[in-house]
Amino acid sequence: MKHIVIIGNGISGVTAARHIRKNSAYQITIVSAETKYFFSRTALMYVYMGHMKFEHTQPYENWFWKKNRIELKEGYVNTINTNDKILLFSNGEQLAYDKLIIASGSKPNKFDWPGQDLDGVMGMYHKQDLEKLEKYAPNKSICKRAVIVGGGLIGIEFAEMLKSRDIPVTFLVRESSFWNGVLPNQESTMINEHIKQHDIDLRLETNLREIKSDKNGKVKSVIIDETGEEVCCDVVGLTAGVSPNIDFLKDSAIATRRGVLVNRFLETNIKDAIGDCAEQKGGGIGLRGAIESVWYTGRMMGETLAQTICGNRTEYKPGHWFNSAKFLDIEYQTYGWVFNEKKKKENQQYFQWRHSKDCKCITIAFDTNSHQFIGINTFGIRMRHEVFDRWLTQKRSIEYVLEHLIEANFDPEFYKLHESEIVEKFNKEHTTTIILTKKSWKTFFSKA
Ligand SMILES: Cc1cc2nc3c(=O)[nH]c(=O)nc-3n(C[C@H](O)[C@H](O)[C@H](O)COP(=O)(O)OP(=O)(O)OC[C@H]3O[C@@H](n4cnc5c(N)ncnc54)[C@H](O)[C@@H]3O)c2cc1C
């Protein structure tokens, strides 16, 4: 019987295993150096914040794997001998495979900063990072200040985690405004304000020069590059992005660039690769990046590759882009494409609305000539994925989207609605007379 071995027990590897099991009787082994059982990486922060225990982040009961004949092997794969189809582990063990799936995920970026490997310095990616954080920042008397380096989605989660234990945070962000490489100015500015409202010492246009050690090899401070200022701290969080976790493939015959190079069927030059570690050889699909480091794409890749492995060769087609995240108290969702002003295409326009007091805003991108809806960012207003996905597929106009906006609203009952105000602003700016359809109000209230 064919033996499928999967390196990585994250969402990508586990989804592949589950779907291979659904469609075949192959022997399946999942290998991981991190934990025996699959857990939800996106929930790591809630463990530190006391909202859940680590066991609650495991979507499947421990008996699930045996029942479904999926073997779990703990260990770190050092090298792959693709000629003999053998994995070599760091403890000297070997494992033979017929078909290999590489789903090894990401690792936090480090930029050769002096002191980056000291005790008390960590990323926030693996379970081991969480354990380190518990050790070095259990409370505010042991950790008097933490410095976070890198202003992205993981950086802000890290700040929220520390603040949940009242630990003072200094947040070093290289850009002139938070995540403005991605967000339009309106949103990025609102997030800057929100971070400061949470008493986080946000330092924009600020780089790390060095992390200094005490006499025991533990971090005692960081030096700011621009000013030479020394900021005393007990923990440093490195959150300057992630990159594919593929160092162990360097000496193998598997082709890599930044990630494991794959075609549209997720096949490498020799084997298959999925998830955060995969890089599309011909560049990203549509406007997507060649490497996609998000949860749902890992899951989609797992499902797709399982089909191919079970004899139904299937192309990876991720559909319209979407993503969601949280910036402290503000929920963020994006559907389709809304870039920052620098990356905005010439033939595109933005319609923007921001609430006068609350941290709520939207940006809708549309084509200047055809008025075709291209994408939306929403902050503080929950919207329905399936509705925007449909409107993108149907190539609806911005006018249609605004007229029916209430249908997309997903806020809990009794939340204040802002659709009328949003439409009114568009009407004023564009001298249009869009009216929220009665039908859409009806749909909304029958759902509520
Ligand atoms: C704190 C945090 C919050 C996030 N929040 C969101 C979110 O809100 N929404 C979202 O879409 N995405 C989020 N992400 C990103 C998302 O979690 C990842 O895209 C996803 O988990 C990647 O899944 P994967 O299966 O490809 O890899 P991973 O989950 O990284 O799993 C790969 C596994 O392979 C193991 N491995 C690697 N190399 C070897 C080896 N040589 N030998 C043995 N084992 C090996 C690793 O240790 C790891 O356990 C978040 C990530 C983090 C860190």
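In each ligand, atom 1 is the first atom listed, and ligand 1 is the first ligand listed. Note that the structure is predicted; figures quoted are calculated from it, not measured.
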[atom] - nearest protein heavy atom and its distance:
| atom | result |
| --- | --- |
| atom 29 (O) of ligand 1 | Arg41 NE, 2.9 Å |
| atom 4 (C) of ligand 1 | Thr42 CG2, 3.9 Å |
| atom 16 (C) of ligand 1 | Trp295 N, 4.0 Å |
| atom 41 (N) of ligand 1 | Val77 O, 3.1 Å |
| atom 27 (O) of ligand 1 | Gly105 CA, 3.1 Å |
| atom 53 (C) of ligand 1 | Met124 O, 3.3 Å |
| atom 23 (O) of ligand 1 | Ile11 CG2, 3.4 Å |
| atom 51 (C) of ligand 1 | Ile154 CD1, 4.1 Å |

For [X], counting its heavy atoms only, list the atoms of ligand 1 lying under 4.0 Å from any of them.
| X | value |
| --- | --- |
| Ser293 | 15 (C), 19 (O) |
| Ser12 | 23 (O), 24 (P), 25 (O), 26 (O) |
| Val294 | 11 (O), 12 (N), 19 (O) |
| Asn9 | 33 (C), 49 (O) |
| Ala103 | 32 (C), 34 (O) |
| Ser106 | 30 (O) |
| Asn245 | 37 (C), 38 (N) |
| Gly275 | 26 (O) |

Hey, are Arg288 and Glu292 close enough for a salt bridge, meaning a charged N less than 4.0 Å from a carboxylate O?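 Salt bridge: yes.
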
Is there a heavy atom of [X] sitting under 4.0 angstrom from any atom of ligand 1?
| X | answer |
| --- | --- |
| Gly8 | yes |
| Leu44 | no |
| Gly302 | no |
| Ala325 | no |
| Met45 | no |

For residues [X] and [Y], establish whether the separation of their ring centroids is below 6.0 Å.
| X | Y | answer |
| --- | --- | --- |
| Tyr296 | Phe322 | yes |
| Phe339 | Trp337 | yes |
| Phe379 | Tyr332 | yes |
| Tyr335 | His385 | yes |
| Phe158 | Phe171 | no |
| Phe388 | Phe373 | yes |

Among Ile6, Leu95, Leu100, the one residue meeting side-chain contact (heavy atoms from CB on, under 4.5 Å) with Val31: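 Looking at Ile6, Leu95, Leu100, the match for Val31 under the side-chain contact (heavy atoms from CB on, under 4.5 Å) is Leu95.
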
In the structure I gave you, are the side-chain heavy atoms of Ile309 and Ile101 within less than 4.5 Å of one another anywhere?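 Side chain of Ile309 against side chain of Ile101, heavy atoms only: contact under 4.5 Å found.
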
Is there a side-chain contact between Trp321 and Asn323, using heavy atoms and a 4.5 Å cut-off?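 With C-beta onward as the side chain, the pair touches.
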
Please say whether Ala33 places an N or O atom under 3.5 Å from an N or O atom belonging to ligand 1.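 It does: an N or O of Ala33 is found under 3.5 Å from an N or O of ligand 1.
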
Ligand 1 N/O within reach of Tyr296 N/O, cut-off under 3.5 Å: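 In this structure, Tyr296 places no N or O atom under 3.5 Å from an N or O of ligand 1.
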
Cation over ring face, [X] and [Y], 6.0 Å, 45°:
| X | Y | answer |
| --- | --- | --- |
| Lys99 | Tyr26 | no |
| Lys127 | Phe54 | yes |
| Arg165 | Tyr48 | yes |

Classify the contact between Glu157 and ligand 1 as side chain, backbone, both or neither, using a heavy-atom distance cut-off of under 4.0 Å.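 Near ligand 1, Glu157 shows its side chain, while the N, CA, C and O stay back.
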
I need the contact type for Cys277 against ligand 1. Using non-hydrogen atoms and a strict under-4.0 Å cut-off, is it side chain, backbone, both or neither?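 For Cys277, there is no contact with ligand 1 at all, from either part.
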
Looking at non-hydrogen atoms alone, which of Thr35, Ile7, Asp276, Asn78 comes nearest to atom 45 (C) of ligand 1?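 Minimum heavy-atom distance to atom 45 (C) of ligand 1 goes to Ile7.
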
Partners passing side chain to side chain contact (heavy atoms under 4.5 Å, CB included) against Ser324 (at least two apart in sequence or in another chain):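 Side chain to side chain contact (heavy atoms under 4.5 Å, CB included) check on Ser324 returns Gln333.
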
Between the side chains of Ser243 and Asn109, is a donor N or O closer than 3.5 angstrom to an acceptor N or O?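 On atom types as modelled, these side chains qualify, holding a pair under 3.5 Å.
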
